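Worksheet: one structure, shown below.
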Amino acid sequence: MAVNMAQSAAPLTMRLARAADSGQLAEIAREAYGKYLDVVDEPPAPILLDYDQVAAVGRTHVAHVGGRILGMVTVEPDGPWLILRNLAVRPDLQGHGIGKRLVTLVEDMARSSGRDGVRLWTRAEMTDNVAFYRALGYVLTHSEKNDHAHRVFFRKELAGDAAGACAPLDRNALEGQK
């Protein structure tokens with residue numbers, strides 16, 4: 001079921017993932033990360049996750065129109081930083097601002113919880129991801145290579161940055177508490 005973002009009558013909204021979303025979350029991960037299977041030595045970690053567990057932890061937020069999930073982002077607090085663990089958008093909807101809205105949500109969560117900013121990593125071979133994060137102001141801090149992967153690490157400092165497009169979120173939602 002395709003969703004035309006320009007013509008959709010229902011607004012794109014964000015919410016915490018629910019147990020009932022796990023099938024769609026797994027589908028999005030397979031779709032979004034599957035294109036990299038031919039360019040990396042090992043499957044991207046998000047393909048291998050148990051999405052029943054991911055939804056249950058309470059740290060994954062979804063962008064949806066009606067009942068269809070279009071994208072997801074998983075976060076994890078780490079001291080003064082918020083870690084962006086997984087960002088995925090259905091491939092047929094990439095380039096429509098959904099990923100940017102999800103990253104803005106993460107940045108707003110970091111601000112509202114008093115964190116210094118957001119950190120993340122991706123695979124160097126995922127050049128579209130590297131370009132996406134750079135375009136959003138993320139700075140490459142370092143890279144690590146092993147026999148199976150070449151990871152690049154980014155961060156965006158937000159301390160003192162009051163900009164943001166989303167309303168502050170409840171700290172309990174950030175910490176994954178219900």
Side-chain angles (χ1 to χ4, degrees), residues 12 14 16-17 25 28-49 51 54 57-63 69-91 93-166 168-169 171 173-176:
L12 178 72
M14 310 285 183
L16 272 172
L25 299 178
I28 292 168
R30 283 191 307 273
E31 291 174 1
Y33 290 98
K35 67 183 178 181
Y36 300 114
L37 291 173
D38 292 335
V39 297
V40 296
D41 289 342
E42 60 186 19
I47 290 178
L48 306 174
L49 295 175
Y51 282 92
V54 168
V57 170
R59 293 187 180 143
T60 297
H61 292 77
V62 298
I69 298 173
L70 310 181
M72 65 175 158
V73 65
T74 301
V75 297
E76 180 178 318
D78 183 30
W81 297 93
L82 193 58
I83 306 299
L84 191 159
R85 288 276 183 206
N86 179 15
L87 173 67
V89 174
R90 292 185 186 275
L93 296 171
Q94 291 175 4
H96 294 277
I98 298 166
K100 185 175 179 180
R101 293 262 313 264
L102 287 163
V103 172
T104 298
L105 174 69
V106 172
E107 292 172 1
D108 288 343
M109 291 168 67
R111 279 186 201 92
S112 69
S113 63
R115 301 199 188 277
D116 291 344
V118 178
R119 293 187 339 205
L120 62 94
W121 57 89
T122 189
R123 304 280 288 271
E125 301 89 348
M126 299 177 180
T127 55
D128 51 342
N129 289 353
V130 172
F132 173 77
Y133 291 118
R134 282 190 166 158
L136 294 179
Y138 283 78
V139 176
L140 177 67
T141 60
H142 66 286
S143 67
E144 294 178 4
K145 248 184 182 178
N146 64 31
D147 291 339
H148 303 288
H150 181 193
R151 291 180 179 86
V152 288
F153 295 76
F154 290 89
R155 79 173 179 209
K156 185 172 186 180
E157 294 186 22
L158 301 171
D161 177 8
C166 298
L169 299 176
R171 184 174 180 95
L174 171 65
E175 299 294 339

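This one's a predicted model, so the numbers in the text were calculated from it and none came from an experiment. Position 1 is the first residue of the sequence; numbering continues from there.
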Does some side-chain heavy atom of [Y] sit less than 4.5 Å from a side-chain heavy atom of [X]?
X: Asp78; Y: Arg115; answer: no
X: Ile28; Y: Val89; answer: no
X: Leu87; Y: Phe132; answer: yes

Interatomic distance, [X] atom [atom1] to [Y] atom [atom2] [nearest 0.5 angstrom]:
X: Leu84; Y: Phe154; atom1: CG; atom2: CZ; result: 12.0 Å
X: Asp41; Y: His150; atom1: CG; atom2: NE2; result: 12.5 Å
X: Arg101; Y: Asp108; atom1: CZ; atom2: CG; result: 11.0 Å
X: Leu12; Y: Leu93; atom1: CG; atom2: CG; result: 9.5 Å
X: Glu157; Y: Asp116; atom1: CD; atom2: CG; result: 7.0 Å
X: Ile69; Y: Ile98; atom1: CD1; atom2: CD1; result: 12.0 Å

| Step-by-step side-chain contact (heavy atoms from CB on, under 4.5 Å) determination, Trp81 to Arg155 | CA-CA 9 Å; Trp81 297 93; Arg155 79 173 179 209; 3.5 Å; yes

| task | Could you tell me whether Glu31 and Arg90 make a salt bridge, using a distance below 4.0 angstrom between a side-chain N and a carboxylate O? | result | yes

| request: Sort out for me which residue in Ile83, Asn86, Val106, Thr60 forms a side chain to side chain contact (heavy atoms under 4.5 Å, CB included) with Val75. | output: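 One option only clears the test, and that one is Val106.
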
Please give me the minimum heavy-atom distance between [X] and [Y], naming the atom from each residue.
X: Ala17; Y: Leu25; result: CB-CD1, 4.0 Å
X: Arg123; Y: Pro43; result: NH1-O, 4.4 Å
X: Ala88; Y: Ala32; result: CB-CB, 3.9 Å
X: Pro46; Y: Ala29; result: O-CB, 3.6 Å
X: Leu16; Y: Gly58; result: CD2-O, 3.4 Å
X: Ala110; Y: Val118; result: CB-CG2, 4.0 Å

| request: Step by step, work out the side-chain contact (heavy atoms from CB on, under 4.5 Å) result for His61 and Met72. | output: CA-CA 6 Å; His61 292 77; Met72 65 175 158; over 6 Å; no

| request: Give the C-alpha distance, both sets of side-chain angles, the deciding distance and a yes or no for side-chain contact (heavy atoms from CB on, under 4.5 Å) between Val73 and Val103. | output: CA-CA 8 Å; Val73 65; Val103 172; 5.9 Å; no

| task | Please test Leu37 against Ile47 for side-chain contact (heavy atoms from CB on, under 4.5 Å), starting from the C-alpha separation and ending with a verdict. | result | CA-CA 10 Å; Leu37 291 173; Ile47 290 178; 4.0 Å; yes

Show me the donor-acceptor pairs, under 3.5 Å and distance only, between side chains in residues 135-142 and residues at least two apart or in other chains.
unit_1: Tyr138; atom_1: OH; unit_2: Glu107; atom_2: OE2; d: 2.8
unit_1: Thr141; atom_1: OG1; unit_2: Phe153; atom_2: O; d: 3.2

| field | Within 6.0 Å of CG in Asp38, more than 12 heavy atoms from elsewhere | value |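 It does not: Asp38 CG has 12 such atoms or fewer within range.
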
| Side chains of Tyr33 and Asn129: do they bring a donor and an acceptor to under 3.5 Å? |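 On atom types as modelled, these side chains do not qualify, holding no pair under 3.5 Å.
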
| message | Can you tell me which residue among Glu144, Glu42, Glu125 is in a salt bridge (Lys or Arg N to Asp or Glu O under 4.0 Å) with Arg151? | response | Glu42

| query | Which residues pass the salt bridge (charged side-chain N to carboxylate O under 4.0 Å, His left out) test with Arg85, sequence neighbours left out? | reply | Glu76

